[in-house]
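Everything numeric in this text was worked out from a predicted model, so none of it was measured. If you read the sequence from its start, that first residue is 1, and numbering goes on from there. Atoms within a ligand are numbered from 1 in the order they appear, just like the ligands themselves.
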Amino acid sequence: MKLIRLGEEGKEIPAVLNEEGKRLDVSAFCANYDEQFFGDDGVNKLQEWLKDNAASCPVVDDSVRIGCPVARPSKVIAIGLNYSSHAKETGMEPPPEPIIFFKSTTSVCGPNDNIIIPRNSKKTDWEVELGVVIGKKASYITEAEANDYIAGYTLINDVSEREFQLERAGQWVKGKSNDNFTPIGPWLVTKDEAGDVGNLDLWLNVNGERKQGSNTSDMIFTVPFIVSYLTNFMTLLPGDVITTGTPFGVGMGLKPQQFLKPGDVVELGVENLGEARQGVVDAD
Ligand code: ZN
C-alpha cells in the first residue's frame, strides 16, 4: 500500500495511491497519518477497510500538491556517514558505530516543494536517502525485532548547509534544520511493497546531471541494526522518521565543490519508493 497526503501545507488529507495510480481520499477512515494513526495499527486497519470501501472513496485530482506522508513526526533522526564511499569523499573516517543527529521537524516538507536556500547560506547541498517510518513505540528492541516496529519506507532528501553543519562550532543540527531541508515522499510504501530495503537503487540528479547513484547494499549499518541501535538512546514513537544516510556524490565531495543555487532543479528517487522533484529558491 502507498500512503500519500494531499493538499496545501498544513491542510493535507490522507489518501492512498491505488494500483491504477489513482489517489483515493481515505479521510472517511482516519483524520491524518500521524502518531495516533500509526500507533493504533492504522496501516493494517486501513488495508482491511479498503477491501470494502475503496470503491466509494473520492478520487483526488493529480494536480493536488503532495505533502510529507507523515503528519508532523515527533522526531526526524538522521544517520551520518552510513556509506563508506560518502565518508571517504568528506574526508572523514567511517564511524565504528552510527553517528546520529536530529533534523528539526519544521524542516519537513512535501517531496516536490522548493528547497529554500537559507539566509547567509553559501553551501546548500543535497543527500538522497532511504527513509524509515516507525509503526509502533519502540524502546530497547533487538535487531531481530526491528521489522515489527517499522510501518514502511519513503524517499528523503537530507538537504544540508555545509558551512552551518561543519564550520559553525560543531553541531550538525544547525546545517540540517532550516525550512524545507527535509523533503519527504511522495509516498510511505508499506513493508510488503518496499522490496528488500537492503538492496535498493537510489539516485539524485541536479539539472538533469547524475550526481548520486548507488544502492542501499553499500550501507555500513543496516536498517534493522539502526532501528535497534537508536532504541538504546531514545524511545521511538509511531510516525517517527529515520533517514539512513547518503551515498557518494554530494556537492561538497565534488572537485570543485558544487552547491545549490536559485533556479536549480533536484530530482531523486529510490527504487520502489517513487521519485521527487524540487526546485531551488532563495529564502525571503
Ligand atoms: Zn544525510
Side-chain angles (χ1 to χ4, degrees), residues 68 70 73 75-95 97-109 111 115-118 121 123-133 153-168 170-185 197 200-206 211-223 225-227 229-230 240-254 257-260 266-270 273 276 278 280:
C68 168
V70 181
K75 298 186 276 304
V76 178
I77 310 150
I79 308 301
L81 306 177
N82 196 25
Y83 289 77
S84 51
S85 56
H86 172 60
K88 200 171 170 193
E89 73 176 333
T90 65
M92 294 183 246
E93 287 294 315
E97 56 185 309
I99 291 171
I100 68 176
F101 60 92
F102 285 115
K103 299 190 67 133
S104 71
T105 57
T106 49
S107 69
V108 171
C109 65
I115 292 169
I116 301 172
I117 297 178
S121 162
K123 299 183 178 179
T124 298
D125 202 349
W126 55 83
E127 296 191 346
V128 61
E129 304 196 5
L130 168 70
V132 180
V133 179
Y153 297 92
T154 191
L155 165 65
I156 300 182
N157 188 355
D158 175 18
V159 180
S160 304
E161 213 295 344
R162 301 304 183 189
E163 190 191 29
F164 298 178
Q165 179 191 352
L166 300 169
E167 301 168 39
R168 298 285 292 275
Q171 289 293 333
W172 284 20
V173 68
K174 284 184 223 171
K176 298 284 190 172
S177 292
N178 284 96
D179 290 349
N180 290 33
F181 263 32
T182 312
I184 301 181
V197 296
L200 298 178
D201 287 333
L202 68 174
W203 58 273
L204 181 145
N205 290 350
V206 179
K211 298 294 184 185
Q212 296 186 282
S214 189
N215 187 284
T216 57
S217 60
D218 291 335
M219 283 185 180
I220 299 171
F221 303 109
T222 64
V223 167
F225 180 86
I226 289 167
V227 172
Y229 179 84
L230 287 171
D240 280 359
V241 174
I242 302 164
T243 190
T244 57
T246 203
F248 177 82
V250 298
M252 75 178 290
L254 297 173
Q257 293 184 329
Q258 181 188 340
F259 297 108
L260 295 172
V266 179
E267 294 164 295
L268 61 157
V270 177
L273 305 185
Q278 294 133 21
V280 179

Specify which N/O/S atom of [X] comes nearest to the Zn ion (ligand 1), by atom name.
X    : value
D158 : OD2
E127 : OE1
E129 : OE2

field: Heavy-atom donor-acceptor pair, T216 side chain to V197 backbone, under 3.5 Å
entry: yes
- request: State which residue, out of V241, V76, I156, D179, fulfils the side chain to side chain contact (heavy atoms under 4.5 Å, CB included) condition with V108.
  value: V76
query: Thinking salt bridges, do R162 and E127 make one under a 4.0 Å N-O criterion?
result: yes
Verdict with reasoning, F101 to V173, per side-chain contact (heavy atoms from CB on, under 4.5 Å): CA-CA 6 Å; F101 60 92; V173 68; 5.5 Å; no
